[in-house]
Amino acid sequence: MTGKSANQLSVETASRADDLDVGRIRLRDGCMGDRWKIGPLIFDWDGDGEHHPKERWLAKGTGSNTYVTTNGHRATAKWNGSILSVGDGSMELSAGSDSFSYSPAEVKTASPLHTLRVTEDKITLDIRKFTLKVSGDTVVFRTEDKTSRTESNALANDLRSLLTETAKKQVSDVMEGTPIDIGEMLNTTEEALAKYD
């Protein structure tokens, strides 16, 4: 996800180790397994799962809004208003009101104003202003006033390239905590549609 190798991350982490102050480390052994407190984080694991069969928290911050949990298949982390969920070959990340999800079959980005879904054979962009679907050479454009359907290989390919790049940028924006830019997406999509009007 970072675009860096494990060695690069290891070197960067090691170079910052001198500046890291985690506070006291405490270990408690109880009936529900070991519990570690390292600085503000608490790590706990019920190894057999008998006390918390549905979901176990692995770590939590001192407040109630920072934690890492697992149900044995997916791990979920929440911090500073962001939520990350990973498991079963898929990933979801939301930062503020913007989000993206990934599975082997689909990438989806969303904000309060749009949803963009990209699959191997179809792209759907849903904005309050219009809905656009690209499937094969078919482009369907819906507004409140009308629906138009076009069979155009060139238009479909242009929109496919444009919206695939847009989805990549939006995923990157969410990961960096930058708000998704709807205005730029609207302009470039409308420009592509106008070329074939």
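Nearest heavy atoms, Arg160 versus Ser135: NH2-C, 4.3 Å. The two atoms that bring Val174 and Ile180 nearest to each other are CG2-CD1, 3.9 Å, heavy atoms only. Listed here is the closest heavy atom pair of Ile127 and Leu186: CD1-CD2, 3.4 Å. When all heavy atoms of Leu163 and Leu116 are compared, the closest pair comes out as O-CD2, 3.8 Å.
Annotation: Glu151, atom CD; neighbour count of heavy atoms from other residues, nucleotides and ligands within 6.0 Å is above 12. Within a 6.0 Å sphere centred on CG of Asn80, heavy atoms belonging to other residues, nucleotides or ligands number 12 at most.
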Under the criterion side-chain contact (heavy atoms from CB on, under 4.5 Å), I'd like the reasoning laid out for Thr164 against Ile123: C-alpha separation, chi angles, the key distance, then a yes or no. CA-CA 8 Å; Thr164 298; Ile123 294 178; 4.0 Å; yes
Full working for side-chain contact (heavy atoms from CB on, under 4.5 Å) between Val140 and Thr131: CA-CA 8 Å; Val140 178; Thr131 301; over 6 Å; no
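Put simply, the side chain of Leu155 does not reach to within 4.5 Å of the side chain of Val134, judged on heavy atoms. Between Thr143 and Lys146, some side-chain heavy-atom pair lies under the 4.5 Å cut-off. Between Leu125 and Phe130 the shortest side-chain heavy-atom distance falls below 4.5 Å. With a 4.5 Å cut-off on side-chain heavy atoms, Val139 and Tyr196 do not count as touching. In this structure, the side chains of Asp173 and Thr109 stay at 4.5 Å or more apart for every pair of heavy atoms. Put simply, the side chain of Thr138 does not reach to within 4.5 Å of the side chain of Lys133, judged on heavy atoms. Looking at Gln170 and Ser111, their side chains never come closer than 4.5 Å, going by heavy atoms from C-beta outward. Here the side chains of Pro112 and Asp98 are in contact, with some heavy-atom distance below 4.5 Å.
Between the CZ atom in Phe100 and the NZ atom in Lys168 there is a gap of 14.0 Å [rounded to 0.5 Å]. The CG atom of Asp126 sits 5.5 Å away from the OG1 atom of Thr115 when rounded to the nearest 0.5 Å. Rounding to the nearest 0.5 angstrom, the gap separating the NZ atom in Lys195 from the OG atom in Ser152 is 10.5 Å. Between Arg74 atom CZ and Met91 atom CE the span is 10.0 Å, to the nearest 0.5 Å. Going from atom OG1 of Thr166 over to atom CD of Glu184 covers 7.0 Å, rounded to the nearest 0.5 Å. Interatomic distance, Ile83 CD1 to Lys78 NZ, rounded to the nearest 0.5 Å: 5.0 Å.
Here the side chain of Arg117 pairs no donor or acceptor atom with the backbone of Thr124 at under 3.5 angstrom. A donor-acceptor pair is defined here as one N or O able to donate and one able to accept, closer than 3.5 Å; such a pair exists between the side chain of Ser161 and the backbone of Asn157. A distance-only check finds a donor-acceptor pair linking the side chain of Thr188 to the backbone of Met185 [under 3.5 Å].
When hydrophobic clusters are built by joining Ile, Leu, Val, Met, Phe, Trp and Tyr residues whose side-chain heavy atoms come closer than 4.5 Å, directly or via intermediates, Val86 is grouped together with Trp79.
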